[in-house]
Amino acid sequence: MNHMRTDENTGLTSAEAARRRRVHGPNNFDISIDDPLWKKYLDQFKNPLIMLLLASAGVSLFMRQFDDAISITMAIIIVVTVAFIQEYRSEKSLEALTKLVPPKCHCIRDGQLTTFLAEDLVPGDIVTINIGDRVPADVRLFEASGLSIDESSFTGEIEPVNKIVEAQQISNSNNLSERRNIAFMGTLVRCGKGKGIVIGTGQDSEFGEIFKMMQAEEAPKTPLQKSMDTLGKQLSFYSFLVIGIIVIIGWIQGRKILDMFTIGVSLAVAAIPEGLPIVVTVTLAIGVMRMAKRKAIVKKLPVVETLGCVDVICCDKTGTLTKNEMTVTQIITSERNQAELTGVGYNANGHVNIVHCNSDPTEAMRSFKKVIEVGFVCNNAELTQEGLMGSPTEGAILGAAMKMQLPNLRQQYVRVEEWPFSSETKIMMVKCHPLGDETNPIWFVKGAMEKVLDRCTHYYNCGQSATLYEKQKLQYLDDAHVLAMRGLRVLSMAYGNSPTTLVFIGLVGIMDPPREGVSEAIHTLRGMGLSVKMLTGDGEDTAKAVAARIGLYAEGVRTMSGDELNSLDVVHLSKSIESIAIFYRMTPGHKLKIVKALQAGQHVVAMTGDGINDAVALKTAEIGISMGETGTDVSKEAADMILVDDDLSTVLAAIEEGKGIFYNIKNFVRFQLSTSIAALSLVAIAMIMRLPNPLNAMQILWINIIMDGPPAQSLGVEPVDHDVLRKPPRKVQDNIITRSLILNTLTSAFIIVCGTMWIFHEEMEDGKITPRDTTMTFTCFVFFDMFNALSCRSNSKSIFQIGFFTNRMFLYAVGGSILGQLLVIYFPPLQAIFQTEALYSSDFFLLIALTSTVFIVSEVRKFFTRREEHQLLHQREMVFYPENLV
Ligand code: ATP
């Protein structure tokens with residue numbers, strides 16, 4: 001402490017922390033081991049096709065064809081620059097992904113326990129760590145109770161390390177697991193809690209180097225990216241084949257070999273959709289950013305794809321379906337007096353009204369207070385200036401205590417032992433002795449009704465303890481049942497000299513209202529063909545009452561308890577699980593079994609979870625979803641997606657985006673393929689028909705920019721069509737290249753080729769090729785492509801339904817391409833490069849009239865597709881979903 005010049009209780013002052021931050025820097029890693037921009041730009045020239053093109057420019061130069069040499073070089077520079085900008089943007093958007101989930105820490109500064117970003121920690125800060133946390137920096141511990149930490153990600157050691165606070169003699173300074181009084185940055189707290197002083201941050205932390213490597217690690221490719229890579233390779237192969245044939249035919253026909261070579265290579269640059277994988281990656285990454293804006297943080301790109309395939313979603317009740325804002329609204333004492341508490345929130349606003357009294361009201365009030373007292377002492381929550389720190393269930397009891405004007409009772413006892421609450425045991429027990437009296441320890445206990453009653457032998461009766469008989473127990477269970485039927489979460493309290501002979505004191509009913517919009521979200525999810533299941537640790541009555549309120553439960557819907565689940569194996573469970581909508585008295589272990597049973601039935605499962613023990617289920621589910629506000633760091637680590645606001649409707653938004661992205665990718669694949677096929681066919685047909693080349697090398701390169709560049713990319717950011725929500729989940733094995741996609745692509749390519757050939761033929765009446773002829777042909781092709789892009793914005797919807805102005809990126813990209821085309825035609829320096837000539841306005845009328853045919857044909861086709869889809873949807877909605885009874 002002296003060494004670090006800090007105080008154990010009050011921590012650093014903000015001013016001192018700011019000073020230290022200036023010296024030590026932020027507590028994070030700069031993972032950019034970036035090459036300078038110019039180097040990245042030059043790297044673009046390493047592409048073999050570009051090198052070949054440069055070589056052909058060199059040969060032109062050598063043969064003194066200076067015009068050609070300059071034209072080719074300039075065209076290459078334009079192509080390379082566009083590709084460079086594209087790639088740079090893709091890198092930037094991927095980089096942004098790594099910054100979406102900044103870790104937080106709990107630190108004492110200026111004498112206050114506060115929560116802030118872990119990157120603001122400095123050496124000397126005092127931090128607290130708790131079960132489920134990720135250690136925010138290297139911390140020398142001075143308090144540790146039952147603290148064990150999982151260091152497996154660094155040491156490979158699966159067994160968590162038990163931490164201590166005492167000074168140590170270290171035999172081997174390299175063996176970090178021997179240093180048991182230090183919690184290392186990036187490791188995970190599996191059990192217990194601790195407090196310590198920060199001794200190393202960022203780069204100076206022990207695992208700094210490894211951590212940096214792990215963060216920089218490239219995410220594995222998504223199935224879609226992989227299939228796009230394969231598609232790219234296949235297309236390259238066929239393109240090369242066609243190009244080879246074109247060049248050989250040209251050579252046999254006695255055309256100039258250099259011309260053929262240049263055309264061949266430009267065609268290769270243009271026709272091979274080398275931009276396809278980049279556009280897919282950027283589209284996925286942009287999708288992730290869009291989801292982040294809608295409060296769903298996706299940690300890995302593959303998740304975006306899988307989201308569209310999810311057909312079952314298992315939700316925790318507390319926090320996801322309900323607000324997780326708990327308020328004690330009812331107290332029933334062991335004498336069966338009943339009080340109602342008004343007001344909401346963790347504060348003193350509200351009153352205690354006695355509604356039923358079996359004894360003298362003052363005596364009754366004393367026992368109400370006693371119930372809350374037990375809950376207060378057996379409690380780890382704190383109400384600070386920043387609000388509640390700790391579990392909302394425990395916060396609710398603190399709120400009730402404030403309404404009753406009870407003092408801070410925890411200060412009157414010294415806690416000597418704690419059995420923390422866990423979702424498995426559903427009980428919390430603390431052993432305390434009153435301040436100054438170490439001889440009389442008392443156990444304070446709170447937990448689920450049956451768990452507490454099992455440990456009770458007596459009950460509290462007007463200041464005395466009386467023997468508890470079975471009949472009385474049943475009465476208490478009845479009281480709990482009445483509260484639960486109202487949707488209240490029931491928590492009971494007891495105290496005593498030993499944890500197995502407790503005195504029952506009473507129970508409380510805690511209200512946790514359903515979240516706004518949750519019923520609508522469930523309704524929509526079901527409409528999309530997803531089945532929604534509720535999992536809760538609460539008892540049957542509470543579960544049913546809450547589920548009924550949010551539209552998940554009605555008479556006839558099947559439910560299952562944790563005990564029933566225990567009695568079934570995965571195979572049997574998978575047979576009945578589809579019809580069960582509500583699972584109650586669940587533990588995290590059950591979640592794993594449910595995921596496995598659903599997966600055995602070929603379902604793609606999304607599962608929510610927030611606790612440390614949910615990690616395995618979250619990892620096993622196709623989409624593990626953790627909670628941003630209440631989730632532990634461990635669950636966030638294991639999850640694929642984090643809901644910033646813990647809200648189920650956010651999952652809906654994410655699924656919507658995920659599905660939309662898939663359709664967008666399909667749309668631009670259609671666009672790129674049709675352009676590529678049309679360009680190749682055009683040149684090949686001209687060659688076979690012994691016609692001159694309809695497009696020169698530079699023009700082909702320009703087409704490449706349009707195909708691989710901004711217009712294609714802008715199709716990827718098309719706003720989500722809300723109708724995708726009505727489409728059923730996609731099958732995982734569904735390929736993006738479907739028969740209808742191929743058919744549509746070929747139709748568009750066919751129209752483009754016919755139209756362009758017709759213009760070329762008309763212009764070539766004199767039999768000689770002039771710059772005007774190629775300009776007309778070239779512009780015709782580009783306009784065809786623009787109209788084709790417009791029709792590719794949606795596969796089934798008319799442009800009049802989706803709106804002309806709904807995709808701004810598209811407008812910019814197409815506007816920019818048309819402007820570029822006009823410059824290429826009218827701006828003299830570009831005319832020289834692309835060997836073009838000015839056109840008349842009448843030419844444009846003709847071209848627009850002709851090229852719009854590709855758009856019109858596609859609109860007609862969409863009309864029929866829509867009719868077909870409508871019929872399919874209608875049929876699907878008729879299908880009976882067993883648990884969709886409500
Ligand atoms: P859900 O699964 O719906 O999200 P949950 O995870 O909050 O609910 P658990 O935390 O397992 O469910 O709670 C189950 C039961 O355990 C509650 O009904 C309550 O009786 C009891 N309980 C909850 N929190 C505590 C606590 N902090 N201390 C003691 N008992 C608790």
Side-chain angles (χ1 to χ4, degrees), residues 9 143-147 165 191-195 328 331-337 359-360 362-383 390-391 393-398 400-402 404-422 425-469 472-473 476 491-508:
N9 297 313
E143 267 179 43
S145 76
L147 184 65
V165 295
C191 207
K193 56 185 184 180
K195 201 172 188 183
V328 174
I331 308 176
I332 302 181
T333 65
S334 47
E335 302 111 338
R336 308 195 68 206
N337 297 320
S359 52
D360 155 44
T362 335
E363 186 60 44
M365 195 46 116
R366 193 175 309 148
S367 45
F368 290 131
K369 285 186 176 168
K370 209 134 175 73
V371 174
I372 298 300
E373 264 177 43
V374 173
F376 198 140
V377 180
C378 177
N379 196 313
N380 284 328
E382 301 271 359
L383 282 171
S391 122
T393 307
E394 299 191 343
I397 294 171
L398 299 190
M402 286 168 89
M404 296 176 153
Q405 279 125 30
L406 296 177
N408 187 347
L409 294 161
R410 253 178 273 163
Q411 287 173 352
Q412 299 174 7
Y413 293 91
V414 179
R415 197 180 282 187
V416 281
E417 219 173 287
E418 174 181 339
W419 286 30
F421 170 77
S422 84
T425 59
K426 303 207 188 313
I427 199 164
M428 170 174 174
M429 306 200 276
V430 293
K431 183 180 171 187
C432 303
H433 55 72
L435 214 57
D437 173 10
E438 292 183 16
T439 48
N440 284 316
I442 313 172
W443 287 85
F444 292 93
V445 176
K446 72 177 193 316
M449 192 69 190
E450 61 275 20
K451 303 284 172 190
V452 174
L453 272 185
D454 278 354
R455 294 173 173 272
C456 291
T457 48
H458 292 77
Y459 71 98
Y460 176 87
N461 191 9
C462 304
Q464 310 285 323
S465 67
T467 309
L468 179 64
Y469 295 106
Q472 190 99 358
K473 275 193 186 179
Y476 292 145
L491 198 62
S492 51
M493 325 289 175
Y495 67 96
N497 299 329
S498 108
T500 46
T501 55
L502 295 172
V503 180
F504 183 77
I505 175 99
L507 54 136
V508 296

Working note: Glu335 + Ser367, criterion side chain to side chain donor-acceptor pair (under 3.5 Å); need CA distance, chi angles, decisive distance, verdict. CA-CA 8 Å; Glu335 302 111 338; Ser367 45; 3.1 Å; yes
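- Between Gln472 atom CD and Tyr459 atom OH the span is 4.5 Å, to the nearest 0.5 Å.
- Interatomic distance, Asp454 CG to Lys473 NZ, rounded to the nearest 0.5 Å: 6.0 Å.
- Considering CE of Met429 and CD of Glu418, their distance stands at 11.0 Å, rounded to 0.5 Å.
- For the atom pair CG (Asn461) and CG (Leu468), the distance works out to 11.0 Å, reported to the nearest 0.5 Å.
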Is there a side-chain contact (heavy atoms from CB on, under 4.5 Å) between Glu382 and Arg410 once you walk through the steps? CA-CA 11 Å; Glu382 301 271 359; Arg410 253 178 273 163; 4.2 Å; yes
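- Of the residues listed (Leu453, Val508, Val452), the one engaging Ser492 in a side-chain contact (heavy atoms from CB on, under 4.5 Å) is Val452, and it is the only one.
- Atom CD1 of Ile331 is separated from atom NZ of Lys369 by 10.5 Å, given to the nearest 0.5 angstrom.
- Within the 4.5 Å cutoff, side-chain heavy atoms of Gln412 are placed close to those of Pro407.
- Using a cutoff of 4.0 Å between basic side-chain nitrogens and carboxylate oxygens, Lys446 and Glu394 are scored as salt-bridged.
- Just one of Phe376, Tyr413, Trp419 meets the ring-ring contact (aromatic ring centres under 6.0 Å, His included) condition when paired with Phe444; it is Tyr413.
- A distance-only check finds no donor-acceptor pair linking the side chain of Tyr460 to the backbone of Val503 [under 3.5 Å].
- In this structure, the side chains of Val377 and Met493 stay at 4.5 Å or more apart for every pair of heavy atoms.
- With a 4.5 Å cut-off on side-chain heavy atoms, Ile442 and Cys432 do not count as touching.
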